[in-house]
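This report concerns only the one structure given below.
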Protein chains: 2
Amino acid sequence: MTRPPTERRRTLTLRDVSEASGVSEMTVSRVLRNRGDVSEATRKRVLEAARTLGYVPNRIAGALASQRVNLVAVVIPSLSNLVFPDVLGGISAELEGTGLTPVVGVTNYRPEREEAVLYEMLSWRPTGVILAGLEHSDAARAMLANAGAPVVEIMDVDGAGIDSVVGISHRRAGLEMARAIVEAGYRRVGFMGTKMPEDHRARKRLEGFEAGLAEAGLVLEDREFYSGGSALAKGREMTKTMLARSPDLDFLYYSNDMIGAGGLLWCLEQGMDVPGSLGLAGFNGVELIEGLPRRLASMDACRKEIGRRAAAIISGHEDGGQVIELTPSFSRGDTIRPPR
Amino acid sequence: MTRPPTERRRTLTLRDVSEASGVSEMTVSRVLRNRGDVSEATRKRVLEAARTLGYVPNRIAGALASQRVNLVAVVIPSLSNLVFPDVLGGISAELEGTGLTPVVGVTNYRPEREEAVLYEMLSWRPTGVILAGLEHSDAARAMLANAGAPVVEIMDVDGAGIDSVVGISHRRAGLEMARAIVEAGYRRVGFMGTKMPEDHRARKRLEGFEAGLAEAGLVLEDREFYSGGSALAKGREMTKTMLARSPDLDFLYYSNDMIGAGGLLWCLEQGMDVPGSLGLAGFNGVELIEGLPRRLASMDACRKEIGRRAAAIISGHEDGGQVIELTPSFSRGDTIRPPR
DNA sequence: TTGAAAGCGCTAACAT
DNA sequence: ATGTTAGCGCTTTCAA
């Protein structure tokens, strides 16, 4: 029952515009691309003809002939994360006016999907590639190396990049959060996060976090992982579960703001003393936390800026081949008490 | 300083694979596309050569030659809306395994952006077009009519479509919400929403809502609009403002769940009797409301299903040329009291 | 089962 | 300022 996937009615060609306007195809092409000198008179006639016919140029042919493609491949793990739409916003903003268009592919945190998405995108010979993370399959690396286009790996700087890298150190983000917590005098810390072995950035944050605790001779007292469902609801449930199991915890570190918000709501409903006897922190610095009863402590992942800088490298506004490490800003919010 | 936007290093061609394997270009092409009969021996040699070289086919050339493109253009107003990522999820799920790939363009609710994005996408001659809404500029309509590809307008059925339409009636959604509110005995109703003249669906919901109130001889007592910022925080602020101005309201209708959630949180903090003396409702049925202290009354916009059905039309699994109206499910949650 | 020729719709390079 | 010619890298079609 599937329609023969991709046949299509004939659409208008340059030739149609040429005939309608009585101007050669080449000149029509020039007018439409604003290239070379064309008399105002012909220009008008061509534009008029193209408009009334409803001509839309065929970039497939144009790209093949000119060997240029105005596409930037953007490969990210998820759209429902709140994080990546912001990154995309930064990319779009920076690309605005350069003639380049972002094309988005989503991998759902699955390496084999990443490979497939990359292959698909590279087959369109994009001008540049922006992809999340530093961990890729060998095949993916090989493709990227042969892509003949600049590659920017974003979000994370903890590891080796292929070409350019723009991101933050998640290890350090975790580490500094741990230090802030220790400084504030919390001692019995629990962690909650997603059950995603492929979320390398969350993993690195946790590693850094544990290293930070270790500096003070502390270890994580408890941990809990979830997958799927409403993150807000999961944060709520996990918090309840964990506090039932480990009632003496005095701090909860969440791997993202959404579950942190769920946890915060639950704690407040229970009448707990936040941040006095229980501190809370999330990660990402999403807009949402502005609207909570208390501002959740968090760390801004520089999402928009990462997108912007990555796009600037692709557009040539910024030099590539470097590692650009941005500094996430910590915000204590109302859920970590001040240092003692 | 901009890099000459799109020049690129030469990448591998069929010819390279042909030479490396000692098989004609034509046969290499056959192997790579799984078309026609090729002996197992040649097949292996070709695949081997392609793999070791790291060859990625050039779809630009392929598409030009074959006149088929495996792309589906998806044009939506926003990614930060929570709504559209779900729609995209439905589209991707349905397209999985058909060989078709969605390509997303974002308009930010601006008609001139929609026109530009459409033009750009149509220039790649996609197999089909899925776009949000029924309201488009004349130029956009003309382009779509000439696209030579199936067009599916999604989200909304209140108006005239171009080709296929899949969505819900926002007018009716507003109407039924009003009826539910009236039935529950609320009488003094306020409305809050986004200040977006171009958000036609929000507008239609409000129109339907007012019509529903009118059936009971009621009118909106107060209304407030916002733009930008954290929706959760805005919901909070607007609610405070409105209740200060109109303290005798007994119901607040929000044009989306996020501001509704902000309002709910504020009301609960104030110790208000929800839903006893004040009822609340949002719209969309987003996952987030599962995690709130009370489940916010809402109406599910059938996001995933809309994406799925639209994609099914493009892939040919479902007939096109129809208007498919889905029925949003109302959920009373914990913020509307039962009918008296 | 394999190969050769033609051409998809456009643009680069070179006329004029 | 405008036109002509020769491809871009593939696939279609037809021949072997």
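In what follows, chains are A, B, ... by sequence order, proteins preceding strands, each numbered from 1. The structure presented is a predicted model; accordingly, all values stated were derived computationally and were not measured.
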For atom [atom1] of [X] and atom [atom2] of [N], their distance in whole Å:
X: A/Leu14; N: C/dA12; atom1: CG; atom2: P; answer: 12 Å
X: A/Arg68; N: C/dC10; atom1: CZ; atom2: P; answer: 18 Å
X: A/Met26; N: D/dA6; atom1: CE; atom2: C1'; answer: 12 Å
X: B/Asn70; N: D/dC10; atom1: CG; atom2: P; answer: 15 Å
X: A/Leu32; N: C/dG9; atom1: CG; atom2: C1'; answer: 13 Å

Whether [X] contacts [N] is assessed here as follows: a side-chain N or O lying under 4.0 Å from the phosphate OP1 or OP2. Is that the case?
X: A/Thr42; N: D/dA1; answer: no
X: A/Ser29; N: C/dT11; answer: yes
X: A/Gln67; N: D/dG7; answer: no
X: A/Ser66; N: C/dC10; answer: no
X: B/Tyr55; N: D/dC10; answer: yes
X: A/Arg33; N: C/dA12; answer: yes
X: A/Thr27; N: D/dT2; answer: no

Close side-chain approach of A/Pro102 and A/Leu95, heavy atoms under 4.5 Å:
yes

Can you check whether A/Val28 reaches A/Tyr55 side chain to side chain, under 4.5 Å on heavy atoms?
no

Check every strand shown and say whether B/Asn58 touches a base, only sugar-phosphate, or nothing at a heavy-atom separation below 4.0 Å.
sugar-phosphate

Minimum-distance nucleotide (side-chain atoms of [X] versus [options]):
X: A/Glu25; options: C/dC10, D/dT11, D/dT12; answer: C/dC10
X: A/Leu64; options: D/dC8, C/dT2, D/dT11; answer: D/dC8
X: B/Ala65; options: D/dA1, D/dT4, D/dC10; answer: D/dC10

Pairing of A/Glu48 and A/Arg51 as salt bridge, 4.0 angstrom limit:
yes

Using a distance-only criterion (donor-acceptor N/O pair, under 3.5 Å, no hydrogens), is the base of D/dG9 paired with the side chain of B/Arg59?
no

Please state whether the base of C/dG3 and the side chain of B/Arg30 form at least one donor-acceptor pair under 3.5 Å?
yes

Do the side chain of A/Asp86 and the main chain of A/Val83 share a donor and acceptor less than 3.5 angstrom apart?
no

For residues 304-311 of chain A, which side-chain donor-acceptor pairs fall under 3.5 Å, sequence neighbours excluded?
{"residue": "A/Arg309", "atom": "NE", "partner": "A/Glu318", "partner atom": "OE1", "Å": "3.1"}
{"residue": "A/Arg309", "atom": "NE", "partner": "A/Glu318", "partner atom": "OE2", "Å": "3.1"}
{"residue": "A/Arg309", "atom": "NH2", "partner": "A/Glu318", "partner atom": "OE2", "Å": "2.9"}

